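Here is the structure we will look at.
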Amino acid sequence: MAENMENVLAALKALRGVDLSGYRSDTLQRRVVARMAQAEIADVDEYTRRLHLDPDECDRLISMIAIKVSSFFRDPIVFELTAQKLLSDIIHRNRRKDAPGGDIRVWSAGCATGEEVWSLAILLHQALKGQRSDWTVQIFATDLDPNALATAETGVYPRERLENVKLGVLDRYFVAEEGGYRIRPFLRRMVRFSQDDLISKQRHAPAESVFGTFDLIFCRNVLIYYSRDVQDHMFRRLRRSLAPKGYLVLGNAEGLNTEMESKLQTIDRMNRIYRKTR
Ligand SMILES: C[S@@+](CC[C@H](N)C(=O)[O-])C[C@H]1O[C@@H](n2cnc3c(N)ncnc32)[C@H](O)[C@@H]1O
């Protein structure tokens, strides 16, 4: 990577704590150039100076680099399997022996604009049916892009972004308002959002989640943008964050690396569902 491009990344790291140095360099280069064109700056060194003078420009650049394509119940079969197999197994295993209910912890890592985590919250709410009040459900949603997180947290989507959402689900979990549909407050209370960089070496789980490990981690369509060695680091972090027998779900074009093949059990190779064995 050109030295002046490295300076751009160093500025993002110093000013925003976001390390994109492992991002695929062709994607990175293209997106920095696109952002510079929008900002009407032709010279990379001048653009680096702008980043230092205007921290909001760092957020705009992060947003430009991070690819945020997402949708509700993206790859519906994966969500179908999550509801039928993974959540029912988690609910069965986590049920308290001596009292009703139990604890469940879920992490949507790289949640982008929130469609994934709201889909998970809906499935979990449906799976717990009438017993919801007996269960302590904690769903964490993280992303490195603060703009995407803000949209996720607001939880308002125009109708065309809800094409995979069935009518009954729309009525039960959203309120129609001008310009779109808003997630209902009872669902909103199930999810905590925070900025988190999966490459961070300081911690293995999002800071908000305190020390916990997770029964289910969705990390879909995030690793694909990174080089092999950065993926290796992310995999170790994700594995450490899994509870014993916890599930990891990756994107359709993502697979485990060799190290993780031996450390995680493959539940469904085609749909990229894995489980921590110990
Ligand atoms: C293509 S979206 C995937 C959204 C969702 N998981 C899905 O599959 O629909 C990728 C998201 O990963 C986020 N991301 C990229 N690198 C990240 C990192 N190092 N740590 C946390 N999030 C990251 C991006 O900001 C973006 O929102």
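Source: prediction; values computed, not measured. Both ligands and their constituent atoms are indexed starting at 1 by order of listing. Residue numbers run from 1 in the order of the sequence given.
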Problem - Check ion pair R93-D89 (N to O, under 4.0 angstrom) - result: yes

Handout entry: salt bridge (Lys or Arg N to Asp or Glu O under 4.0 Å) contacts touching residues 176-188 (sequence neighbours left out)
Key = E153-R188, E177-R182

Practice task
For E57, check salt bridge (Lys or Arg N to Asp or Glu O under 4.0 Å) against everything at least two apart and list the hits.
Solution key: R35, R60

Exercise for the section: Would you name the heavy atoms of A121 and M190 that are closest together and state the gap between them? Expected result: O-CE, 3.8 Å

One pair per line, please: each N/O atom of ligand 1 matched with every protein N/O atom under 3.5 Å away, atom names first, then the distance to 0.1 Å.
{"residue": "ligand 1", "atom": "6 (N)", "partner": "G110", "partner atom": "O", "Å": "2.9"}
{"residue": "ligand 1", "atom": "6 (N)", "partner": "E116", "partner atom": "OE1", "Å": "2.9"}
{"residue": "ligand 1", "atom": "6 (N)", "partner": "R220", "partner atom": "O", "Å": "2.9"}
{"residue": "ligand 1", "atom": "8 (O)", "partner": "R74", "partner atom": "NH1", "Å": "3.1"}
{"residue": "ligand 1", "atom": "8 (O)", "partner": "R220", "partner atom": "O", "Å": "3.1"}
{"residue": "ligand 1", "atom": "8 (O)", "partner": "N221", "partner atom": "ND2", "Å": "2.7"}
{"residue": "ligand 1", "atom": "9 (O)", "partner": "S70", "partner atom": "OG", "Å": "2.6"}
{"residue": "ligand 1", "atom": "9 (O)", "partner": "R74", "partner atom": "NH1", "Å": "2.8"}
{"residue": "ligand 1", "atom": "16 (N)", "partner": "Y226", "partner atom": "OH", "Å": "2.6"}
{"residue": "ligand 1", "atom": "19 (N)", "partner": "D197", "partner atom": "OD1", "Å": "2.8"}
{"residue": "ligand 1", "atom": "19 (N)", "partner": "Y226", "partner atom": "OH", "Å": "3.0"}
{"residue": "ligand 1", "atom": "20 (N)", "partner": "L198", "partner atom": "N", "Å": "2.9"}
{"residue": "ligand 1", "atom": "22 (N)", "partner": "L144", "partner atom": "N", "Å": "3.4"}
{"residue": "ligand 1", "atom": "25 (O)", "partner": "D143", "partner atom": "OD1", "Å": "2.6"}
{"residue": "ligand 1", "atom": "27 (O)", "partner": "D143", "partner atom": "OD1", "Å": "3.4"}
{"residue": "ligand 1", "atom": "27 (O)", "partner": "D143", "partner atom": "OD2", "Å": "2.7"}

Handout entry: Y247: ring-ring contact (aromatic ring centres under 6.0 Å, His included) partners, not counting sequence neighbours
Key = none

Fill in the blank from the handout: Between E254 and L223 the two heavy atoms that sit nearest each other are OE2-N, 3.0 Å

